[in-house]
There are 2 protein chains.
Amino acid sequence: MLINYAILRLLSAEPMSGYDLKKIMQESLYMYWSGNNNQIYKALLQLCSDDLLTSEIHHQDGAPTKKLYKITDKGRAALLEWVVSTPPEAPEFKKPFLIQMACAGQLEAAQIEELVLKYQHELNLQLIMQQEKQRRMNVAPSLAKRERFIEDMIFDNIFTFYQSELQWTQKVLQGIRNNFREESQR
Amino acid sequence: MLINYAILRLLSAEPMSGYDLKKIMQESLYMYWSGNNNQIYKALLQLCSDDLLTSEIHHQDGAPTKKLYKITDKGRAALLEWVVSTPPEAPEFKKPFLIQMACAGQLEAAQIEELVLKYQHELNLQLIMQQEKQRRMNVAPSLAKRERFIEDMIFDNIFTFYQSELQWTQKVLQGIRNNFREESQR
DNA sequence: CATGCCATGTAAGGCGTTACATGATTTC
DNA sequence: GAAATCATGTAACGCCTTACATGGCATG
């Protein structure tokens, strides 16, 4: 399960509780599990029983008791092994909007335009939210050069994803205005 | 459920059987259900009981009996209503490769490069497959100008998705070569 | 004679989400 | 006094996939 490796990755940086992991995943741009503790707590149990993690109970006063999870040497080895030996998968996407577009032949030009504009708006919102997440996340100050580069590349990937989708909406809008000018000018 | 509207859309062009729908969805670039008859047959039953479709049993000699589904006026109205009144959603993506990348700080430059090259290769394969699908699908010869335009835009969307991902891999590879030159030249 | 296509359907199970339960502490 | 945060966990459900069951016809 991929989420197990995502957790191992996070714990390879520093020990954390399940709750911490949940928050980080909620804020993450590419860990796409939308802050879902159910899966996290189950995964943690499994990883512990596989000896990839150890858990330590931390009593705190003025706050609930928590379990601190640490990655083991076996865990680090498993993560490394996974990274180098897993064949990279092509990305998946779900674009419900394309299904809407596919139905748009029935509509008037102005209606299609309106739809695309709404989509554009939604994309802009999303893009701003992602940038905001990225901004909030930057607390780790002194990463190694390599780590920094990788972080940047990951952000760039997500950023250009939305950018190119936005560019596509521009192309569509222009196409509508050029091809269906007669109608939309009336 | 979105798949219901995808089915309505397909049946709005011409009557079909569940099996036909399954095949089309398998070949579709943006209907992302990977040819899954389970959902299709269930959806068809539901759509029938909602009077959005009618089904007609067709006996064929030399082939199994099939059920031909036709969209009703109510079905067309529901589809149109859905298209114009559903707020467009931002696309979702899952890129397991980014999780792999996030772990790559541990690796040597050459290993990262290898990983990215493999990803690039996988993307190229995928892109070719999608183009092949698109080529095979083009049997509908004389679409209206508007329909043609929409079809083209949808294909363009998917095409540029892979293209921009490929461009990203180029950027990453260059970055590795520039930033970690010392190591990778050894 | 095995494989594959046409055609309909069912079963099992994994992945993922929302929501709930509990309970203490802090903040408005 | 209400709401948010910290913290762990469970329950219920929906979506989606793979695989299976059936059976006739065609193709190699």
Side-chain angles (χ1 to χ4, degrees), chain A residues 1-7 10-11 15-28 30-49 53-70 89-96 99 136, chain B residues 1-7 10-11 15-28 30-49 53 55-70 89-90 92-96 99 136:
Chain A
M1 279 215 50
L2 189 52
I3 199 171
N4 289 30
Y5 292 102
I7 289 172
L10 292 175
L11 292 175
M16 275 184 266
S17 68
Y19 185 74
D20 295 328
L21 289 166
K22 179 194 152 195
K23 274 194 305 175
I24 290 182
M25 289 205 181
Q26 270 176 346
E27 289 293 291
S28 168
Y30 59 97
M31 296 185 185
Y32 43 80
W33 293 276
S34 82
N36 144 3
N37 53 0
N38 196 338
Q39 271 173 290
I40 290 172
Y41 285 118
K42 262 186 195 145
L44 285 171
L45 286 178
Q46 204 204 305
L47 289 166
C48 275
S49 75
L53 297 181
T54 57
S55 77
E56 217 174 80
I57 290 165
H58 261 235
H59 295 283
Q60 311 168 99
D61 33 63
T65 299
K66 70 175 169 181
K67 292 185 188 171
L68 252 203
Y69 291 92
K70 283 184 193 172
E89 270 176 64
E92 273 176 58
F93 55 87
K94 292 189 183 180
K95 303 190 177 186
I99 293 172
R136 268 202 302 274
Chain B
M1 279 216 50
L2 188 52
I3 199 170
N4 289 31
Y5 292 102
I7 289 172
L10 291 176
L11 292 175
M16 274 184 268
S17 67
Y19 186 74
D20 295 328
L21 289 166
K22 179 194 151 196
K23 275 193 304 175
I24 290 182
M25 288 205 181
Q26 270 175 346
E27 289 293 290
S28 168
Y30 58 97
M31 295 184 185
Y32 43 81
W33 295 275
S34 81
N36 145 4
N37 53 359
N38 196 337
Q39 270 172 289
I40 291 171
Y41 285 118
K42 262 187 195 145
L44 285 171
L45 286 177
Q46 204 205 303
L47 289 166
C48 275
S49 75
L53 298 181
S55 77
E56 218 174 78
I57 289 165
H58 261 236
H59 294 281
Q60 309 168 103
D61 32 63
T65 298
K66 69 175 172 182
K67 293 185 187 170
L68 252 202
Y69 292 91
K70 282 183 196 174
E89 270 176 63
E92 272 175 58
F93 56 87
K94 292 189 183 180
K95 303 190 177 186
I99 293 172
R136 267 204 303 274

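Fair warning: this is a prediction, and the values are worked out from it, not measured in the lab. So that the names make sense, note that chain A is the first sequence line, chain B the second, and so on, each numbered from 1.
Closest heavy-atom contact between A:L53 and A:L11: CD2-CD1, 3.5 Å. A:M16 and A:L21 get closest at one heavy-atom pair: CE-CD2, 4.1 Å. For the residue pair B:L44 and B:G18, the shortest heavy atom distance occurs at CD1-CA, 3.7 Å. The two residues A:K94 and B:Y32 come nearest to each other via the heavy atoms CD-CE1, 3.6 Å. Minimum heavy-atom separation, A:C48 to A:Y69: SG-CE2, 3.7 Å. Among all heavy-atom pairs drawn from B:L2 and A:P96, the shortest one is CD2-CB, 3.6 Å.
The interatomic distance linking A:N4 (CG) with C:dG16 (P) rounds to 11 Å, in whole Å. For the pair B:I40 CD1 and C:dT10 C1', the computed distance is 15 Å after rounding to whole Å. Look at NE2 on A:H59: it is 15 Å from P on C:dT25, rounded to the nearest Å. Distance, A:L21 CG to D:dA7 P: 12 Å, rounded to whole Å. Atom CE of B:M16 is separated from atom P of C:dT8 by 12 Å (rounded to the nearest Å). What separates NZ of A:K42 from P of D:dT10 is a distance of 8 Å, to the nearest Å. If you measure from atom CE of A:M1 to atom P of C:dG13, you get 17 Å, rounded to the nearest angstrom. A straight line from CG of B:L44 to P of C:dA7 spans 14 Å, rounded to a whole angstrom.
Rounding to the nearest 0.5 Å places CG of B:L47 at 10.0 Å from CD1 of B:I3. Rounding to the nearest 0.5 Å gives a distance of 7.5 Å between CG of B:D20 and CG of B:L68. The CD atom of A:Q60 sits 7.0 Å away from atom OG1 of A:T65, with the distance rounded to the nearest 0.5 Å. We find the CE-CG distance between B:M31 and B:N36 to be 13.5 Å, quoted to the nearest 0.5 Å.
Within 4.0 Å of A:K22, counting heavy atoms only, lies no atom of the nucleic acid at all. Within 4.0 Å (heavy atoms only), B:K94 reaches sugar-phosphate atoms of the nucleic acid but no base atom.
The side chain of A:K67 contributes an N or O atom lying less than 4.0 Å from OP1 or OP2 of D:dG9. An OP1 or OP2 oxygen of D:dG9 is reached within less than 4.0 angstrom by no side-chain nitrogen or oxygen of A:Y41.
A heavy-atom distance below 4.5 Å is not found between the side chains of B:K66 and B:Y19. The side-chain heavy atoms of A:Q39 and A:M1, taken from C-beta on, include a pair separated by under 4.5 Å.
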Taking only N/O atoms, report every protein-nucleotides 1-6 of chain C pair under 3.5 Å with atom names and distance.
| from | atom 1 | to | atom 2 | distance (Å) |
| --- | --- | --- | --- | --- |
| C:dC6 | OP2 | B:Y19 | OH | 2.9 |

Please list each protein N or O that sits under 3.5 Å from an N or O in nucleotides 17-21 of chain D, with the distance.
| from | atom 1 | to | atom 2 | distance (Å) |
| --- | --- | --- | --- | --- |
| D:dT17 | OP1 | B:S34 | OG | 3.1 |
| D:dT17 | OP2 | B:W33 | O | 2.5 |
| D:dT17 | OP2 | B:S34 | OG | 3.4 |
| D:dT17 | OP2 | B:N36 | ND2 | 3.1 |
| D:dT17 | O5' | B:S34 | OG | 3.4 |
| D:dT17 | O4 | B:N38 | ND2 | 3.1 |

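The residue among A:L45 and A:T65 whose nearest nucleotide of DNA chain D lies closer to the 5′ end is A:T65.
The terminal axes of the helix from C:dC1-D:dG28 to C:dC28-D:dG1, fitted over 5 pairs per end, subtend an angle of 30° to the nearest 10°.
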